[in-house]
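Below is one structure; the comments refer to it alone.
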Amino acid sequence: MFRRSPSFPPLRLLLSIVMIMTASLTGVMATAGAAQADGCYTWSRTLSQGTSGADVTALQVRVAGYPGYGGVLAIDGDYGPGTAAAVKRFQSAYGLAADGVAGPATFSKIYALQDDDCTPIHFTYAELNTCNTTWAGGAVSAATAKSNALRTMWKLEALRHALGDQSIRVTSGFRSQACNAAVGGASSSRHLYGDAADLGSGPHSLCLLAQQARNHGFNGILGPGYPGHSDHTHVDHRDGRFWSASGCGI
């Protein structure tokens, strides 16, 4: 008759301990991976109306393309009704529960949408600046021009998603005074501020780009029908609204 060795129970215990440790380590690694999955910015708390701080500002930059028709989201670090509404639209656009509260699911989607330099995955700093590599020489400091370009890219990402995630071609972004003069740009061009982008036709017509841009936080929209804009649609976030693309019904 087979007699079980007294060593078996300790062996089973040892195997159980190993399995538990492995599972725990895997969980720790997964948690660490999730926390470190984003090389740009990681939110450490859930955000909702009434909160404020730099983490709210970072969120606002990324949902600024969802203010609703004709709206512009203030990037002020205060989570007010406008931010909650923009978060709801962002959540709805990506199939998330649209509750206006920015928590793990919302942040995970943002992490998936951005590269380590904080730009959205479908646009780059180089694409928004073919003038120079320093962002200097415009109407604002280099840091401000680059920051403005980042905000523009996130609005373009929202526009791109709304148009079926088909590519959008940027033909001009930031310009220094010298670059602007070389292409015959207006002396007050928003390109000098880094917050403008000219979009060329591609999967979408220039008119469709101009029409859809009205939903994504652009105060400035110029397109076909406006002098000098027959071959591109221009978007920017100037202080006051100016939309003009008569050839597109705008």
Is there a donor-acceptor contact under 3.5 Å from the side chain of S189 to the main chain of A186? no
Sequence neighbours excluded, the answer for side-chain hydrogen bond (donor to acceptor under 3.5 Å, both in side chains) partners of R169 is none
Would you say S230 and P224 make side-chain contact, with heavy atoms under 4.5 Å? no
Flag, side chain of R214 to backbone of Q211, donor-acceptor distance under 3.5 Å: yes
Any side-chain heavy-atom pair from L206 and S201 closer than 4.5 angstrom? yes
Listed partners of D165 passing salt bridge (Lys or Arg N to Asp or Glu O under 4.0 Å), at least two apart: R160
Tell me the closest heavy-atom pair linking V170 and A197, and the distance in Å. CG1-CB, 4.4 Å
Cut-off 3.5 Å, no hydrogens considered: what does the side-chain donor-acceptor table look like for residues 239-250, sequence neighbours left out?
from	atom 1	to	atom 2	distance (Å)
R241	NH2	G70	O	3.0
W243	NE1	F218	O	3.1
W243	NE1	N219	O	3.3
S246	OG	G225	O	3.4

Nearest 0.5 angstrom please: Q177 CD to S187 OG, how far? 8.5 Å
Atom NE2 in H216, atom CG in L209: separation rounded to 0.5 Å? 10.5 Å
Side chains of N132 and S176 in contact at under 4.5 Å (non-hydrogen atoms): yes
Supply the atom-to-atom distance K146 NZ to S141 OG, rounded to the nearest 0.5 angstrom. 12.0 Å
Taking the side chain as every heavy atom from C-beta outward, state whether E157 and I121 have any atom pair closer than 4.5 Å. yes
Ring geometry between H232 and H229 (parallel below 30°, tilted from 30 to 60°, perpendicular above 60°): tilted
Listed pairs under 3.5 Å, donor-acceptor, residues 82-89 side chains, sequence neighbours left out:
from	atom 1	to	atom 2	distance (Å)
T83	OG1	Q60	NE2	3.0
R89	NH1	Y66	O	3.2
R89	NH1	P67	O	3.1

If we only count heavy atoms from C-beta on, is the S147 to T144 side-chain gap below 4.5 Å? no
With sequence neighbours excluded, tell me which residues meet ring pair (Phe, Tyr, Trp, His ring centres under 6.0 Å) with H191. H234
Does anything in residues 139-162 form a ring pair (Phe, Tyr, Trp, His ring centres under 6.0 Å)? List the pairs, not counting sequence neighbours. Y94-H161
Out of curiosity, does M153 fall in the hydrophobic cluster containing L192 (side-chain heavy atoms, cut-off under 4.5 Å, transitive links)? no
With respect to R190, which candidate in D236, D195, T152 satisfies the side chain to side chain donor-acceptor pair (under 3.5 Å) definition? D195
Examine V72 and V63 and state if one hydrophobic cluster contains both, with Ile, Leu, Val, Met, Phe, Trp and Tyr joined whenever side-chain heavy atoms are less than 4.5 Å apart. no
Nearest heavy atoms of T46 and P104, plus distance in Å: OG1-CD, 4.2 Å
Is V101 isolated, or which residues cluster with it under the ILVMFWY side-chain rule of less than 4.5 Å, directly or via members? none
Which residues satisfy the side-chain hydrogen bond (donor to acceptor under 3.5 Å, both in side chains) test with D78, sequence neighbours excluded? none
Test item: L113 and F90 side chains (from C-beta on) under 4.5 Å apart, heavy atoms: yes
Partners of H237 by ring pair (Phe, Tyr, Trp, His ring centres under 6.0 Å), sequence neighbours excluded? none
Y226 and L199: same hydrophobic cluster, using ILVMFWY side-chain contacts below 4.5 Å? no
So ring pair (Phe, Tyr, Trp, His ring centres under 6.0 Å) across residues 117-148, not counting sequence neighbours, yields Y125-W135, W135-F174
Between R238 and S188, does the side-chain contact (heavy atoms from CB on, under 4.5 Å) criterion hold? Intermediate values first, please. CA-CA 11 Å; R238 65 188 68 193; S188 59; over 6 Å; no
Ignoring hydrogens, what is the shortest heavy-atom contact between A213 and V235? Give both atom names and the distance. CB-CG1, 3.9 Å
When rounded to the nearest 0.5 angstrom, what is the spacing between CG in L156 and CD in E127? 8.5 Å
Give a yes or no on whether the backbone of G77 and the side-chain of S52 come within a donor-acceptor separation of less than 3.5 Å. no
Cluster check L222, Y69: I/L/V/M/F/W/Y, side chain < 4.5 angstrom: no
Residue pair T119 / Q114, side-chain donor-acceptor N/O under 3.5 Å: no
If two hydrophobic side chains count as joined below 4.5 Å and joins carry through other members, does L159 share a cluster with I110? yes
How would you list, by chain and number, every residue that makes a salt bridge (Lys or Arg N to Asp or Glu O under 4.0 Å) with R175, sequence neighbours excluded? D198
If we only count heavy atoms from C-beta on, is the L47 to D55 side-chain gap below 4.5 Å? yes
Tell me, do F107 and Y41 make a side-chain contact under 4.5 Å, heavy atoms counted? no
Y193 meets the ring pair (Phe, Tyr, Trp, His ring centres under 6.0 Å) criterion, sequence neighbours left out, with none
